[in-house]
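We name chains A, B, ... by the order of the sequence lines, and we start the count at 1 in each one. The shown structure was predicted, so the numbers you read here are calculated from the model rather than taken from an experiment.
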2 protein chains.
Amino acid sequence: MPKAQRMAQMLTVAEEIFAEQGYLATSMDEIAERVGVSKPMLYEYFGSKEGLLIGCIHRARTELREKTAAAIAGATSPEEFLRLGLLAFFEFIDEHRRSWALLRQEAAVAVPSAQEEVEGIRQQQTDMIGAVLASFSPDIDPLEAEAFAEIVVGATERLAVWTERRPKVGPALATEYVMAVIWPGVADRLKKLPAPAPHAWR
Amino acid sequence: MPKAQRMAQMLTVAEEIFAEQGYLATSMDEIAERVGVSKPMLYEYFGSKEGLLIGCIHRARTELREKTAAAIAGATSPEEFLRLGLLAFFEFIDEHRRSWALLRQEAAVAVPSAQEEVEGIRQQQTDMIGAVLASFSPDIDPLEAEAFAEIVVGATERLAVWTERRPKVGPALATEYVMAVIWPGVADRLKKLPAPAPHAWR
DNA sequence: GCTCGTAACTTACTTCGAGTAACCTACTGC
DNA sequence: GCAGTAGGTTACTCGAAGTAAGTTACGAGC
């Protein structure tokens, strides 16, 4: 089997087993066996167990970025922008329930560089939010914009984990919940800056 | 040295080394050596490496619960309640910078029971928020209340991680950021429902 | 002042899994 | 038909989790 194809297969199998049993409880021998190949092949292509995990995360990250970018492409207001971005995120999670737990939870643990990959996902998200804030309200304090973006990402991520325990809450409702809590506050801040709002500073 | 004292010492050392190097990169021999005791003693008192980690998390959780409970004791409005709770949380993080990363990130380890301990911390937080919402607005949809609580906890946790990279953002400012984003949305929801007579409930 | 019981501790293993060295084989281009 | 290489394997090393069995410190009861 050609290299690229074999690598993709390995990632798929690894993601599945990691999600099933957890990163620590999974041995490279086991993954190799389920792929139908010997352990050194995994090392040939991914260098280490950690490398394999990072490969999984990286692939998910790429897919998430593409979906989000496509989703927000047509947005015309900050509210629409946020709503579409959140929806894309929750839909992604919904489609990847199993691997999501892995990527979000396991990766943190394991290894500093896997940690970086996960941070990369968050960076995508915060960058996106930061871009909304900055584009619609260029004078916002950069530190505050960053904090807002982190808050939105944190809220969203946490709610994504929560929806796993509440299967009846689908992507649309999850999006509404997040918007209901954060949008008034974000809108408030956006209004205040460009044209000083009626009620100035609390 | 008596058992209780030795256990406390072990937890302190373990927390420190885990935070320094990460859970995986730390060996039990290393912890034992730094405690000044042999490895089987660690197993005698904590059963496993995982057990030791859980011990660390559990201790932190207890401390956080006590501090938060003390902080919110005198609150009279939902806003004050939230603000004091958040402040207590950020102050706790500020005092435990080293071990914080460990407890939140590392603990997500494949080991389910460590994961549960960390979820226990979050449960404390969401319960607290849920209690505010329910006490000030008893007719709120329980599912929505739960979602709101998760959102607030997620936002807070994420901002706590962020402040580690922004040392100039202290607990007070972090609290303000979170309140600025979430309070308008939460207040909005509380207002929408039939206002309870202040004294008539419970 | 001895000895019994137990709490606190150690040495010396076993076991398991990550990572590696060295070797094999089938196909492709020439 | 031979050389080079992509794709693969077997059989190891080594480090760290976990354990079995034994050792010392010491207070209580006689």
Review item, side-chain donor-acceptor pairs of residues 165-173 of chain B, under 3.5 Å, at least two apart:
from, atom 1, to, atom 2, distance (Å)
B:Arg165, NH2, A:Glu150, OE2, 3.2
B:Arg166, NE, A:Glu146, OE2, 3.3
B:Arg166, NH2, A:Glu146, OE1, 3.0
B:Arg166, NH2, A:Glu146, OE2, 2.5

**Request:** Mind grabbing the angle between the end helix axes of the helix from C:dG1-D:dC30 to C:dC30-D:dG1? Five pairs an end, 10° rounding.
**Result:** 0°

**Fill in**
With a 4.0 Å cut-off (strictly under) to non-hydrogen atoms of chain B, the first and last hit nts on DNA chain C, 5' to 3', are C:dA8 to C:dT11

With a cut-off of 3.5 Å and sequence neighbours excluded, list every side-chain donor-acceptor pair involving residues 40-48 of chain A.
from, atom 1, to, atom 2, distance (Å)
A:Ser48, OG, A:Glu50, N, 3.4
A:Ser48, OG, A:Gly51, N, 3.0

**Item:** Integer-rounded Å distance: D:dG15 C1' and A:Lys49 NZ
**Value:** 14 Å

**Request:** Can you check each nucleotide of nucleotides 7-12 of chain D against protein heavy atoms at under 4.0 Å and return B for base, S for sugar-phosphate only, - for none, in 5' to 3' order?
**Result:** SBBB--

**Request:** Could you state the atom-to-atom distance from CD1 of B:Ile31 to C1' of D:dA16 in whole Å?
**Result:** 12 Å

Tell me which donor-acceptor pairs under 3.5 Å the side chains of residues 69-78 of chain B have, and how far apart each pair is, sequence neighbours excluded?
from, atom 1, to, atom 2, distance (Å)
B:Thr76, OG1, B:Glu80, OE1, 3.0
B:Ser77, OG, B:Glu80, N, 3.1

**Item:** Rounded distance in Å - CG (B:Leu42) to C1' (D:dA16)
**Value:** 13 Å

**Item:** Qualifying residues under salt bridge (Lys or Arg N to Asp or Glu O under 4.0 Å), relative to A:Glu91, sequence neighbours excluded
**Value:** none

**Asked** Going by the salt bridge (charged side-chain N to carboxylate O under 4.0 Å, His left out) test, which pairs reach into residues 5-14 of chain A, not counting sequence neighbours?
**Response** none

**Request:** Can you sort out the partners of B:Asp127 under salt bridge (Lys or Arg N to Asp or Glu O under 4.0 Å), two or more places apart, ordered by chain and number?
**Result:** none

**Asked** Looking at residues at least two apart in the chain, or sitting in another chain, which of them share a salt bridge (Lys or Arg N to Asp or Glu O under 4.0 Å) with A:Glu30?
**Response** none

**Prompt:** Sequence neighbours excluded, which residues qualify as salt bridge (Lys or Arg N to Asp or Glu O under 4.0 Å) partners of A:Arg59?
**Reply:** A:Glu15

**Message:** Distance check needed: D:dG18 C1' versus B:Asp29 CG, whole Å only.
**Reply:** 10 Å

**Prompt:** About how many Å separate CG of A:Leu11 and CD of A:Glu16, when rounded to the nearest 0.5 Å?
**Reply:** 12.5 Å

**Prompt:** Which residue pairs pass the salt bridge (charged side-chain N to carboxylate O under 4.0 Å, His left out) test when at least one of the two sits in residues 171-181 of chain A, sequence neighbours left out?
**Reply:** A:Arg83-A:Glu176

